[in-house]
Protein chains: 2
Amino acid sequence: MQDTTDRPYHHGDLRRALIDTAMAMLHEDKGWQFTLREVARRAGVSHAAPYKHFPDKASLLAEMALLGFDRLHKAMTTAKPNRPHSWRDEFLAVGQAYVDFGTSNPGLYRLMFSAEAGNARDVHLSERALAPLGVVIALLERGQAEGLLRQRVVRGRAAACWAQVHGITMLTMEGLFQLEKVGPNPLDAALATLLEGLEN
Amino acid sequence: MQDTTDRPYHHGDLRRALIDTAMAMLHEDKGWQFTLREVARRAGVSHAAPYKHFPDKASLLAEMALLGFDRLHKAMTTAKPNRPHSWRDEFLAVGQAYVDFGTSNPGLYRLMFSAEAGNARDVHLSERALAPLGVVIALLERGQAEGLLRQRVVRGRAAACWAQVHGITMLTMEGLFQLEKVGPNPLDAALATLLEGLEN
DNA sequence: ACCTGAACACCGTTCAAGT
DNA sequence: ACCTGAACACCGTTCAAGT
């Protein structure tokens, strides 16, 4: 349903429109393997128009991944526990927010972590990918300062948290954490194990 | 370099040849996003020939993923610690074998865990994907029996191990565990955290 | 029983030309 | 400054026809 009438030739802000359209398409079957031509089609422009705003498809994907990391970062920083405010509650809230972000945006999350998509992961993207890790590092430092956590090198522990939570997210996304043999609450079990590895 | 002379028309075992060729192509840039036509080309047959052995590309990929899970399973069961034979050594050896398998076969590993590739992950594939998990479950049961591990629901702890090790593997593959900010030995740190979460 | 060649409906990307 | 249309070199998949 495109209005081809009110934008006779020049699209107001095609760049943003393309990103928005592609972001929406991420929620469909093919994930980030959508077609650039289809994006253009839905944005109401010719299939050549996107090339005036992005050198190629990979560049569009890279920009979208960047956006994704920003959103993940925001999801983690705005995550708050329901009621009490113990360190442990906050930690679990952040972990849950991370997993929720991934499982409710599987297409975007896969894109963010696919070196395959935007061919080479450039420095810019890698830097932005580490912002979420910064949240975890700060959280662990506070936990150690409060004497709740074992005294271990924080960056190493943060890496462990990241890997754990990334693994949970991906396996859930692939449907492998919903299988009987894996047990009833793999997510809770994984987070509990992680906490037992961190706490005093 | 195809011998088109000695196989004038009928290829002896084209099915296997296609799988082998595709498996080899997994190690190239595009990973499992290789082209079916290119597989046929390298196998020395027409681009239509593969369709006599696989209904579509997704079926070929599914078969390859199955093979991958078998190999991963074997890598885990044949993993042995260097010298001593404590439970802990064995656990670490299995974990390391898992990560090594993934990082040295990134194309295959990504394929195994991409619901995107073989469209729907069928029951067959999911079952085979759980064989590696079985190894971990057995390992944890022994550790608990020997009184080394906390008494927790084994399947839950096994899920935690899987997620941890899967996360490590993927983040390493994507190059995110080689970044300075993540620290010097994220892999070791992650495995150490996992062990501290399991052990008494 | 197994393979080929031509064909169909697509892609990503480029580029001269239009507004 | 921004967009289009035709073109190029590809895909995956199908199907009548060949051996």
Side-chain angles (χ1 to χ4, degrees), chain A residues 2-22 25-26 28-65 107 111 114-120, chain B residues 2-22 25-26 28-65 107 111 114-120:
Chain A
Q2 290 305 132
D3 256 39
T4 47
T5 48
D6 56 349
R7 301 185 200 122
Y9 203 90
H10 286 68
H11 191 294
D13 191 355
L14 182 53
R15 185 168 220 281
R16 174 167 301 276
L18 290 170
I19 292 177
D20 291 346
T21 307
M25 262 189 278
L26 239 30
E28 299 172 14
D29 305 331
K30 303 190 301 172
W32 59 263
Q33 290 204 53
F34 57 75
T35 276
L36 202 48
R37 284 173 107 110
E38 178 67 20
V39 177
R41 224 171 275 134
R42 296 200 195 181
V45 294
S46 80
H47 61 260
Y51 288 89
K52 297 297 152 185
H53 300 273
F54 303 95
D56 50 24
K57 188 186 173 186
S59 300
L60 207 208
L61 290 175
E63 189 119 348
M64 293 165 72
L111 168 58
S114 303
E116 288 170 314
N119 40 13
Chain B
Q2 290 304 132
D3 257 38
T4 48
T5 49
D6 56 349
R7 299 185 199 122
Y9 203 89
H10 284 69
H11 191 294
D13 191 356
L14 182 53
R15 186 168 218 282
R16 175 167 301 276
L18 289 171
I19 292 177
D20 291 346
T21 307
M25 262 189 277
L26 238 30
E28 299 173 15
D29 305 331
K30 304 190 302 172
W32 59 264
Q33 291 204 50
F34 58 74
T35 275
L36 202 48
R37 285 173 106 111
E38 178 68 20
V39 177
R41 226 171 273 136
R42 296 199 196 182
V45 294
S46 80
H47 62 260
Y51 288 89
K52 297 298 152 185
H53 300 272
F54 302 94
D56 50 24
K57 188 186 172 187
S59 301
L60 208 209
L61 291 174
E63 190 119 348
M64 293 166 73
L111 167 59
S114 303
E116 289 171 313
N119 41 12

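- In this structure, A:Met64 CE and A:Asp20 CG are separated by 9.5 Å, a value rounded to the nearest 0.5 Å.
- In the set C:dT13, C:dT4, D:dG12, C:dT13 carries the atom at the smallest distance from any side-chain atom of A:Leu36.
- Both tests do not hold together for A:Lys57 against A:Tyr51: distance to the six-membered ring centre under 6.0 Å, angle to the ring axis within 45°.
- Here the nucleotide nearest the side chain of A:Leu14, chosen from C:dT13, C:dT4, D:dC3, is D:dC3.
- Here A:Arg15 pairs with A:Asp13, A:Ile19, A:His53, A:Phe54, A:Glu63 under the side-chain contact (heavy atoms from CB on, under 4.5 Å) rule; sequence neighbours left out.
- In this structure, A:Phe34 atom CZ and C:dC10 atom P are separated by 19 Å, rounded to whole Å.
- Separation of atoms CD (B:Glu38) and CE (B:Met25) is listed at 5.5 Å; rounding is to 0.5 Å.
- Remark: A:Leu36 CG to A:Arg41 CZ distance equals 10.0 Å, nearest 0.5 Å.
- Distance CZ (A:Arg15) to P (D:dC3): 12 Å, rounded to an integer number of Å.
- Residue B:Asp56 has its side chain nearest to D:dT13 when only D:dT13, C:dT4, D:dT4 are considered.
- To the nearest angstrom, P of C:dC2 lies 13 Å from CZ of B:Phe54.
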Enumerate all atom pairs, one protein N or O and one N or O from nucleotides 6-9 of chain C, separated by less than 3.5 Å.
{"from": "C:dA6", "atom 1": "N6", "to": "B:His47", "atom 2": "NE2", "distance (Å)": "3.2"}

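- Distance check: B:Leu111 CG to B:Leu60 CG gives 9.5 Å after rounding to the nearest 0.5 Å.
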For DNA chain C, the dot-bracket notation using Watson-Crick and G-U wobble pairs below 3.5 Å, [ ] for pseudoknot-type crossings and | for other-strand pairs, is ||.|||||...|||||.||
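- The residue A:Lys57 sits close only to the backbone: its heavy atoms come under 4.0 Å of sugar-phosphate atoms, none of a base.
- For B:Val45, counting side-chain heavy atoms from C-beta on, the closest listed nucleotide (C:dT4, D:dC3, D:dT13) is C:dT4.
- B:Ser46 comes within 4.0 angstrom of a base, heavy atoms only.
- Closest heavy-atom contact between B:Ser46 and B:Ala40: O-CB, 3.4 Å.
- A:His53 places its NE2 atom 16 Å from the C1' atom of C:dT13, with the value rounded to the nearest Å.
- A straight line from NZ of A:Lys30 to C1' of C:dG12 spans 13 Å, rounded to a whole angstrom.
- Between A:Met25 atom CE and C:dC11 atom P the separation is 11 Å, expressed in whole Å.
- As rounded to whole Å, 11 Å separates atom C1' of D:dT13 from atom NZ of B:Lys52.
- Looking only at side-chain heavy atoms (C-beta outward), B:Leu61 and B:Phe34 come within less than 4.5 Å of each other.
- Between B:Trp32 and B:Ser114 the shortest heavy-atom distance is NE1-OG, 3.7 Å.
- Across the protein-nucleic acid pair, A:Tyr51 atom OH and C:dA16 atom C1' stand 17 Å apart, rounded to whole Å.
- A:His47 contributes atom NE2, which lies 12.5 Å from atom OG1 of A:Thr35 (distance to the nearest 0.5 angstrom).
- A sub-4.0 Å separation between OP1 or OP2 of D:dC11 and a side-chain N or O of B:Arg41 is present.
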